[in-house]
Enquirer: 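Take this structure, written in structure tokens, and hold onto it; I'll ask about it next.
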Amino acid sequence: MAAQSYPLLCLENPLLDIQARGDAAILEKYGLKENDAILAEEQHMGLYEELMAKDAKLIPGGAAQNTARGAQYLLPDNSVVYIGCIGKDKYGEILKKTCEEAGVHTEYRVDDAQPTGKCGVIITGHNRSMCTHLAAANEYKLDHLKQPHIWSLVEKAQFFYVGGFHLTVCVPAILALAEEAAAKNKVFILNLSAPFIPQFFKDQLDSVLPYTDYTCCNETEARAYSASHEWGTEDVVEIAKKLAALPKKNAQRPRTVVITQGLEPTVVAIGSSGNVEVKQFPVHELSKDAINDTNGAGDAFAGGFCAGLVQGKSLEDSVDMGQWLASKSIQELGPSYPYPKQAY
Ligand code: 26A
């Protein structure tokens with residue numbers, strides 16, 4: 001029997017979110033900013049138990065895994081496969097089951113030694129601070145991707161979505177997907193994921209960026225990219241234009257840069273040989289009372305946007321699908337989507 005094919009293949013770090021409401025005191029205790037995402041160090045290890053004691057909820061997370069579930073929410077059955085590394089434990093089982101229920105096919109590497117990764121999420125008002133202990137998620141290996149039954153899924157996929165967070169884990173696997181996309185004129189999408197990626201993983205990011213057909217980020221990540229490359233501008237439109245105009249491996253497609261900025265309009269820059277076009281799309285505003293929490297809003301946007309691309313929709317429609325799914329997700333607890341399914 002011919003193996004199943006999935007048009008959209010996503011790669012990144014499967015994590016379980018441990019999410020609770022918090023306050024300035026707990027942020028200060030662990031040296032966290034109210035709206036940020038960082039990698040946990042020794043001094044953060046007590047955070048997870050402290051959040052559990054605050055009646056934290058365990059919610060499936062991992063940025064690109066949220067995006068994979070989001071895209072599948074809007075696409076026909078069997079459209080999305082997600083790849084990453086989990087541990088041999090209960091948390092890993094929860095992630096697998098959640099993806100299955102969302103109709104996302106998973107091909108996890110299962111690490112023998114490390115537990116499934118977790119992300120402490122502290123909610124204060126409409127902000128979320130995330131502190132990730134990658135554990136097993138840090139053990140993803142190119143060998144896993146190159147196994148024949150998995151590489152055949154890569155060969156059958158037409159769209160690749162990689163979370164920039166994976167730049168801290170396995171650049172060779174990201175580049176293998178990027179090369180496949182460039183060689184066969186498939187679509188490669190990268191999310192910058194967090195300010196610390198352009199800041200501290202600049203070289204890794206710069207090795208992948210030339211392959212991107214779509215580069216997605218929010219305004220803070222865009223500014224962090226500009227700062228780390230000494231562009232001398234904080235203007236989101238300027239940064240979008242400059243990102244779009246960076247060198248590109250596959251000259252058959254222009255680079256499209258998509259920058260979300262919360263309630264402000266989504267900025268899109270499309271680069272084609274020295275001539276960059278900019279468009280802005282206002283968001284459909286949600287009343288503040290309707291917001292549950294913003295954890296996963298950007299992932300949901302990316303999920304809706306990718307679903308549009310996979311369906312061959314216009315840029316305008318794809319952005320609209322992203323904004324629609326983001327507004328649905330922020331009305332749920334954590335990076336989740338409404339069930340029973342709502343139609344776009
Ligand atoms: C490497 N890091 C820091 C991370 C993450 C991450 N996903 C992958 N790698 N830090 C936070 N997240 C996820 O981001 C989602 C919200 O956008 C969280 O698990 C959360 O679900």
Side-chain angles (χ1 to χ4, degrees), residues 10-20 30 32-41 44 47-48 51 56-71 82-86 91-92 94-95 98-99 102 104 108 114 116-123 126-140 161-171 173-174 190-201 204-205 216-218 220-221 224 260 262 292-305 322 325-326 329-330 332-337:
C10 305
L11 167 74
E12 207 212 34
N13 313 326
L15 305 173
L16 196 72
D17 288 357
I18 301 178
Q19 175 174 327
Y30 290 99
L32 303 171
K33 295 186 200 150
E34 61 181 4
N35 211 4
D36 203 4
I38 64 160
L39 288 169
E41 293 171 30
H44 298 117
L47 171 67
Y48 306 97
L51 288 175
K57 299 280 179 295
L58 296 183
I59 315 168
Q65 189 165 237
N66 302 335
T67 296
R69 287 188 289 109
Y82 173 79
I83 297 178
C85 187
I86 58 172
Y91 283 5
I94 294 176
L95 294 184
T98 309
C99 279
V104 172
Y108 293 122
Q114 294 286 331
T116 296
K118 56 195 179 187
C119 175
V121 184
I122 304 168
I123 304 291
H126 292 155
N127 292 317
R128 90 284 181 270
S129 188
M130 307 194 284
C131 183
T132 294
H133 183 206
L134 280 170
N138 208 19
E139 302 299 324
Y140 192 73
Y161 178 88
V162 177
F165 281 131
H166 205 68
L167 290 162
T168 79
V169 173
C170 188
V171 175
I174 301 175
L190 181 78
N191 197 310
L192 299 192
S193 296
F196 85 85
I197 297 293
Q199 199 177 1
F200 299 121
F201 293 83
Q204 292 88 332
L205 176 56
C216 305
C217 62
N218 66 26
T220 334
E221 294 146 14
T260 58
N292 192 335
D293 70 71
T294 57
N295 179 18
D299 307 335
F301 174 87
F305 182 73
L325 196 63
S329 175
I330 59 184
E332 303 290 310
L333 181 72
S336 310
Y337 306 100

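Because only heavy atoms are used, hydrogens play no part in the values below, and waters and symmetry mates are left out as well, while side chains stay in. Remember, predicted model here, so these are calculated numbers, not experimental data. Every number for a ligand or one of its atoms is a count from 1 in the order of the listing.
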Enquirer: Look at atom 18 (C) of ligand 1 and say which protein heavy atom is nearest, naming residue and atom and giving the distance to 0.1 Å.
Expert: D17 OD1, 3.4 Å
Enquirer: Considering only heavy atoms of G61, which atoms of ligand 1 have at least one such atom less than 4.0 Å away?
Expert: 19 (O), 21 (O)
Enquirer: Any atoms of ligand 1 less than 4.0 Å from a non-hydrogen atom of C119? List them with their elements.
Expert: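 The atoms of ligand 1 under 4.0 Å from a heavy atom of C119 are 11 (C), 18 (C), 19 (O).
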Enquirer: For ligand 1, does L134 get within less than 4.0 Å through its side chain, its backbone, both, or neither, judged by non-hydrogen atoms?
Expert: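 Contact part for L134 vs ligand 1: side chain (C-beta onward).
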Enquirer: Do you see a donor-acceptor pair shorter than 3.5 Å between the side chains of N295 and Q19?
Expert: yes
Enquirer: Look only at interatomic distance and state if A63 has a nitrogen or oxygen under 3.5 Å from any nitrogen or oxygen of ligand 1.
Expert: yes
Enquirer: Is it the side chain, the backbone, both or neither of V121 that has a heavy atom closer than 4.0 Å to ligand 1?
Expert: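 The answer is neither; V121 stays 4.0 Å or more away.
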Enquirer: Taking the side chain as everything from C-beta on, heavy atoms only, tell me whether L205 gets closer than 4.5 Å to L167.
Expert: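 Side-chain contact under 4.5 Å: yes.
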Enquirer: Compare all side-chain heavy atoms of L16 with those of I59 and state whether any distance is below 4.5 angstrom.
Expert: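 Not in contact.
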Enquirer: Number the atoms of ligand 1 from 1 as they appear, then name those within less than 4.0 Å of a heavy atom of D299, with their elements.
Expert: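 Counting from 1, the qualifying ligand atoms are 15 (C), 16 (C), 17 (O).
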Enquirer: Using a 4.0 Å heavy-atom threshold (strictly under), name the region of E12 that reaches ligand 1: side chain, backbone, both or neither.
Expert: side chain
Enquirer: Do any nitrogen or oxygen atoms of T132 come within less than 3.5 Å of a nitrogen or oxygen of ligand 1?
Expert: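 Yes, T132 has an N/O under 3.5 Å of an N/O on ligand 1.
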Enquirer: Does G296 have a non-hydrogen atom less than 4.0 Å from ligand 1?
Expert: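 Within the 4.0 Å threshold, so yes.
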Enquirer: Taking the side chain as every heavy atom from C-beta outward, state whether I38 and H44 have any atom pair closer than 4.5 Å.
Expert: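 Yes, at least one pair of side-chain atoms sits under 4.5 Å.
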